[in-house]
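Down below is the structure, laid out as C-alpha cells.
Within every chain, numbering begins at 1; the chains are lettered A, B, ... in the order of the sequence lines, protein sequences first and strands thereafter.
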2 protein chains.
Amino acid sequence: MTPARVYQHPETSEIAMPKVLFALSEPLRLTMVRMLVERGEVDSIDLGPDLPRSTLTHHTSLLRESGIVFVRAEGRKCMIRLREDDLEARFPGLIRTVLNGYPAGAGNEGDA
Amino acid sequence: MTPARVYQHPETSEIAMPKVLFALSEPLRLTMVRMLVERGEVDSIDLGPDLPRSTLTHHTSLLRESGIVFVRAEGRKCMIRLREDDLEARFPGLIRTVLNGYPAGAGNEGDA
DNA sequence: TTGACCGTCCAAGAATTTTCGAACTATCTT
DNA sequence: AAGATAGTTCGAAAATTCTTGGACGGTCAA
C-alpha cells in the first residue's frame, strides 16, 4: 500500500494576495472557484470535463499552489475543495466579493 | 492650444473582473493602487519615481485600460486617480478588501 | 493479472506579459 | 527660440504562462 498521491499546500499565513488575485484573474479558474463555492468538494474532472487532463492539472495545481483550494487523492480521482476558512481568515470577504462581481455565465464557460 | 493628450477609459459597465484582478495581481501595481487610495490624485511619477518612464507608462496604461484608474493630462505631467465611485458601484468592497489583505510594505516597494 | 481509467510529470511550442532604450511630441522655463 | 522636462509609442528581448501530447505509475473492476 503506497501513500498514494500527496499534495503540497501553502500554510494559511503563506497565502499571498498577488498570487491569489493572479489565480482568480483567469475566467476559467474563476468559474472553477464558483463551482467549488456552490458544490463544496468536487471531483476534479467536474471542473473541466472538456479539458485535456494535463491542462486541467495545470489549473488545479495553480489554484492549489496559490492557497485557494485543498486537494486530496481519493482512489484514482482527485477531490478538490475551496479553503474557505483559511481564505476567510486571511482575506476576509475576498472570495465572496470577487464572485459577486463575476456573475454566473460571465465567462462563457462550458455547456452551450 | 491643442487638446493635449487624450486617454481612453472603459465605461463603468465595461469594467471586467478578470482584468481588474489581473491588474491587481502585480505587487508593483497593487502598491500603486494603495498610494492612490491614500493620497487621492497623484502625479504619475510619484507612483514609480525609480522606474524607467516607458515601464511606468506600461503599468499606468494597464491600470487605466482595466478601469481601475482615471488619467488626465495636466501640462506635461499626467495625473492619476482611482475610479473609486465606479469601482465601488461595479464591484462593491473589492478595493478595500484587497488592500486589506495586502498590508503596506508587503511588496518591498521603493524606498529602502 | 489484465485492461481500462485517472492524474501527474515532462517537454515543446504558442501566446502573453514585462522591461526598457530610443525616437518623437508636447509643454514649460528662460 | 532654445533647452530641459514629461509622457507616449515602437521595437526587441527576456520572462511567464498557457496548452497539449505522450509517457508513466497508481487504482479499480473483472
Checklist line | Nearest-angstrom distance from the residue atom CD of B:Glu26 to C1' of D:dA15 | finding: 12 Å
Notebook entry, point to check: Do the side chain of B:Glu88 and the main chain of B:Asp85 share a donor and acceptor less than 3.5 angstrom apart?
Noted result: no
Next item on the list: Figure out the CZ/P separation between A:Phe22 and C:dT17, and round it to whole Å.
Entry: 9 Å
Note to self: If I take atom CG in residue B:Asp50 and atom C1' in nucleotide C:dT19, what distance separates them, rounded to the nearest angstrom?
What the structure shows: 15 Å
Notebook entry, point to check: Among all residues two or more places apart in sequence or in another chain, which pass the side chain to side chain donor-acceptor pair (under 3.5 Å) test with B:Arg96?
Noted result: none
Checklist line | ILVMFWY cluster, A:Leu62 and B:Leu24 together (side-chain gap under 4.5 Å) | finding: no
Next item on the list: Figure out the CE/C1' separation between A:Met79 and C:dC6, and round it to whole Å.
Entry: 13 Å
Item checked: Common cluster, B:Val33/B:Val42, ILVMFWY with side-chain heavy-atom separation under 4.5 Å -> yes
Check: Just checking B:Leu51: base, sugar-phosphate only, or nothing, at a heavy-atom cut-off of under 4.0 Å?
Finding: nothing
Note to self: Distance check needed: C:dC9 P versus A:Gln8 CD, whole Å only.
What the structure shows: 10 Å
Identify all pairs in which a protein N or O lies below 3.5 Å from an N or O of nucleotides 6-10 of chain D, and state each distance.
| unit_1 | atom_1 | unit_2 | atom_2 | d |
| --- | --- | --- | --- | --- |
| D:dA6 | O3' | B:Arg76 | O | 3.3 |
| D:dG7 | OP1 | B:Ser44 | OG | 2.7 |
| D:dG7 | O4' | B:Arg5 | NH1 | 3.4 |
| D:dG7 | O3' | B:Arg5 | NH1 | 3.1 |
| D:dG7 | O3' | B:Tyr7 | OH | 3.4 |
| D:dT8 | OP1 | B:Tyr7 | OH | 2.9 |
| D:dT8 | OP2 | B:Thr57 | OG1 | 2.7 |

Item checked: d(CG, B:Leu28; C1', D:dT16) in whole Å -> 16 Å
Notebook entry, point to check: Would you call A:Arg72 and A:Glu41 a salt bridge, using N to O less than 4.0 angstrom?
Noted result: yes
Next item on the list: Figure out the NE2/C1' separation between B:His59 and C:dT19, and round it to whole Å.
Entry: 8 Å
Notebook entry, point to check: So, do B:Tyr7 and B:Ser61 sit near enough that their side-chain heavy atoms are less than 4.5 Å apart?
Noted result: no
Next item on the list: Kindly calculate the angle separating the two end axes of the helix from C:dT1-D:dA30 to C:dT30-D:dA1, each obtained from five base pairs, and round it to 10 degrees.
Entry: 30°
Next item on the list: Please check if A:Val69 and A:Leu51 belong to a single hydrophobic cluster, counting links between Ile, Leu, Val, Met, Phe, Trp and Tyr side chain heavy atoms closer than 4.5 Å.
Entry: yes
Check: Minimum heavy-atom separation for A:Arg90 to A:Thr12, with atom names?
Finding: CD-O, 2.8 Å
Notebook entry, point to check: Roughly, in whole Å, what's the span from CD1 in A:Ile80 to C1' in C:dT8?
Noted result: 13 Å
Notebook entry, point to check: So, B:Arg34 side chain and B:Tyr102 main chain: donor-acceptor pair closer than 3.5 Å or not?
Noted result: yes
